[in-house]
Amino acid sequence: MNYVDDKKVIELELKANDIRQSIIEMLVSAGSGHSAGPLGMADVFTALYFHLLKHDPKNPALVDRDFVVLSNGHICPVQYATLAHAGYFPVEELKTLRKFGSRLQGHPHRTKLPGIETSSGPLGSGIAQAVGMAIALRMDKKTNFVYGLVSDGEQDCGIAWEAAMLAGREQLWNLIAIMDRNNIQIDGFTEDIMPLEPLRAKYEAFGWHVIDVDGHNMAEIVNAVEEAKAIYEKPKMIIAHTIPGKGVDFMERRFEWHGNPPGKGPIDKVPADRQAEEALRELRTLNGKIRSEHE
Amino acid sequence: MIFKNAQLHEDSLDIAKLEQKPTRAGFGEGLVEAGDKDPSIVALCADLTESTMILPFKKKYPARFVEIGVAEQNMAGVASGMSAIGKLPVISSYAMFSPGRNWEQIRTTICYNEQPVIIVGSHAGVSVGPDGATHQAVEDMAIMRVLPNMTVVSPCDMVEAKKAILAAAVLRKPLYLRLHREKSPIFTTLATPFEIGKAEIFFDSDASACDVAIIATGPLVHNALLAAGELEKLGKKVRVINCHTIKPLDEKTILDAARMARHIVTVEEHQVAGGLGSAVAELVAREYPVPIEFVGVQNRFGESGDKNELIEYFGMGVSHIVSAAQKVMNRSNQ
Ligand SMILES: Cc1ncc(C[n+]2csc(CCOP(=O)(O)OP(=O)(O)O)c2C)c(N)n1
Ligand SMILES: [Mg+2]
């Protein structure tokens with residue numbers, strides 16, 4: 001089933017590209033922070049905030065909003081950039097990332113920035129909070145959704161599975177988790193550090209409905225979320241297969257880019273002093289044309 | 001003036017002349033040496049092998065390294081199990097996650113069981129900087145200090161951190177080693193005395209008289225020395241004690257200073273509740289009550305920013321230590 005037309009897809013792709021450029025610019029200005037995860041999740045965040053979510057940037061406390069909980073807080077540059085482009089706060093403010101006195105803390109802080117539902121960074125705890133929100137909303141007979149954004153490295157944490165088990169028992173139809181399945185963590189590739197597969201079978205065994213998508217294909221992302229909304233007896237896990245560093249060739253698929261900003265990453269492909277400029281140049285010439293690798 | 005027996009670097013009061021390296025680097029070097037001497041030492045890490053400086057050990061002894069993944073609770077339990085079979089596990093992560101996340105496992109499986117495990121909490125304090133409050137452990141010494149059977153060590157520079165891991169490896173007890181991410185001045189030398197449980201006098205204006213004793217731990221000991229230098233210029237007699245072992249506390253050295261100075265300032269990159277200041281206050285209140293001022297984080301969470309900005313903002317700079325000393329000296333005049 002196709003829930004989105006080509007015109008909308010192109011609009012979203014262009015927006016995702018703007019967000020990627022902002023990510024690069026803000027990381028360069030900060031001089032520290034994470035590149036790989038944020039670039040990889042730009043398409044998912046764009047689809048959520050510019051098409052799928054029930055939300056109001058001018059009224060972040062909207063009672064009937066969908067709740068977005070970012071569990072892997074270190075990828076917050078993508079959330080900050082998306083929130084700014086969506087109108088929660090000025091795009092200019094992105095430059096203050098990680099600086100003293102900024103609302104854009106190195107890891108998100110709930111009471112500082114509008115649009116942030118929870119402080120996160122320590123891995124695994126976000127999904128537990130998302131489960132709690134979903135249970136409480138259901139108690140109150142609310143129909144808004146909770147989106148739990150999680151990472152693959154985070155699946156190493158016991159709490160991720162404690163939360164998954166509870167969500168399965170509770171049949172939380174209002175919980176839609178989206179996993180950044182980018183195959184990297186800090187020390188290496190996930191399957192070398194702590195093998196996670198078969199992830200789909202694991203979540204199914206815990207009582208979840210699982211949907212695999214290409215995390216860079218807007219139509220697939222939108223369709224998967226719409227499908228997830230329509231399934232009523234289980235929590236949903238959308239495994240978004242993404243490319244870490246997506247859009248910047250010299251960063252793509254490399255765990256070495258997990259925690260560095262352009263200018264401070266591996267120098268085997270592009271020298272440090274040219275990384276920022278080269279990353280932006282690549283994104284500009286892409287012109288929003290990030291699409292599935294499989295097309 | 002600098003206390004002779006401490007054998008500090010000759011330019012220890014001149015920050016421009018001191019080399020700077022992070023304490024975690026000293027740990028990394030020391031762990032390899034400890035591993036050379038003792039084949040029972042094994043290292044465990046939770047997906048932070050490079051930044052916690054476990055990497056050199058892993059490279060040299062791959063068969064004695066276990067990658068745990070992002071699972072700090074499991075890491076503590078696994079370490080306790082390995083310890084039961086005769087290994088001496090060194091577990092490492094950021095202090096926020098170990099001992100931050102796995103406290104109960106450390107309490108029951110390591111301390112209560114009396115299984116020797118060395119818990120290395122790196123990136124402690126607000127000085128970790130831009131990562132912000134979620135990653136700034138300023139409660140770790142408190143939660144480790146309350147555990148029976150636990151030893152808590154917080155080295156003041158890279159050279160001392162290396163001595164600390166080597167000594168911990170010989171001690172073979174549950175031990176928490178607190179480390180920092182950012183570079184800090186190296187002002188001790190190989191000749192500076194170091195023994196777990198023994199605090200050292202680093203600065204002493206006068207062997208027989210003292211107006212204020214500054215008891216400090218971690219890299220802030222250097223700020224304490226600079227503050228002492230300024231206070232001395234103002235005509236005050238000052239003693240600075242490097243209290244690298246928070247537990248067990250060196251009661252004699254601290255009480256001697258309390259008796260002589262009658263005014264104490266404690267300095268730590270940690271909440272003032274529960275850490276070094278509290279440990280000193282508990283001792284002094286029991287044995288020889290004197291006024292104390294506590295320099296440290298005052299019941300707040302951290303912030304993003306750079307190291308020096310944050311040390312100043314949270315009131316742990318040299319001028320803050322000087323003010324605290326002046327304040328505590330006035331208190332008894334009232
Ligand atoms: C409980 C906890 N332990 C350790 C860390 C340090 N850490 C931050 S990110 C990360 C790797 C996680 O993998 P993933 O989220 O998949 O990283 P990415 O794909 O974004 O590179 C680790 C170990 C943490 N944030 N929380
Ligand atoms: Mg990952």
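For the numbers below, each heavy atom of this structure counts, side chains included, while hydrogens, waters and symmetry mates do not. In what follows, chains are A, B, ... by sequence order, proteins preceding strands, each numbered from 1. Given the structure is predicted, the values throughout are model-derived calculations rather than measurements.
For the pair A/Cys157 and B/Arg101, the minimum side-chain heavy-atom distance is below 4.5 Å. Annotation: side chain of A/Phe100 is in contact with side chain of B/Leu310 (closest heavy-atom distance under 4.5 Å).
The two residues A/Met194 and B/Ile68 have their closest heavy-atom pair at CE-O, 3.1 Å.
Formation of a donor-acceptor pair under 3.5 Å by the A/Asp156 side chain with backbone atoms of B/Gly69 is not found in this model. At distances below 3.5 Å, not a single donor-acceptor pair connects side-chain atoms of A/His107 with backbone N or O atoms of B/Thr134. Panel note: side chain A/Gln105, backbone B/Ser304; a donor-acceptor pair is recorded below 3.5 Å.
Under 4.0 Å is where a charged nitrogen must lie from a carboxylate oxygen, and between A/Lys99 and B/Glu309 no such pair does.
At a 4.5 Å heavy-atom cutoff, B/Leu55 makes no contact with chain A through either its backbone or its side chain. Contact of B/Phe301 with chain A is not made at all, since no heavy-atom distance falls under 4.5 Å. Residue contact with chain B, scored on non-hydrogen atoms closer than 4.5 Å, involves the backbone of A/Ser120 exclusively. In this structure, chain B has a heavy atom under 4.5 Å from the side chain of A/Ile159, while its backbone stays farther away. Proximity to chain A is limited to the backbone of B/Glu50, based on heavy atoms less than 4.5 angstrom apart. In this structure, chain A has no heavy atom under 4.5 Å from any part of B/Asn74.
The local environment of CG in A/Asp268 is crowded, with over 12 non-hydrogen atoms from other residues, nucleotides or ligands closer than 6.0 Å. Heavy atoms from other residues, nucleotides or ligands lying under 6.0 Å from NZ of B/Lys183 number 12 at most. Other residues, nucleotides and ligands contribute only 12 or fewer heavy atoms inside 6.0 Å of the CD atom of A/Glu92. Residue A/Arg181 qualifies as enclosed at atom CZ: its count of foreign heavy atoms under 6.0 Å is above 12. Heavy-atom neighbours of A/Lys202 NZ from other residues, nucleotides or ligands within 6.0 Å: above the threshold of 12. Atom CZ of A/Arg200 has more than 12 neighbouring heavy atoms from other residues, nucleotides or ligands inside a 6.0 Å radius. No more than 12 heavy-atom neighbours from other residues, nucleotides or ligands sit within 6.0 angstrom of NZ on B/Lys59.
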message = I'd like to know whether B/Glu303 forms a salt bridge (Lys or Arg N to Asp or Glu O under 4.0 Å) with A/Arg98, so could you lay out the CA-CA distance, the side-chain angles of the two residues, the decisive distance to 0.1 Å, and finally the verdict.
response = CA-CA 9 Å; B/Glu303 292 263 349; A/Arg98 291 180 154 253; over 6 Å; no
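Atom-to-atom distance recorded for A/Asp187:CG and B/Asp47:CG is 4.5 Å, nearest 0.5 angstrom.
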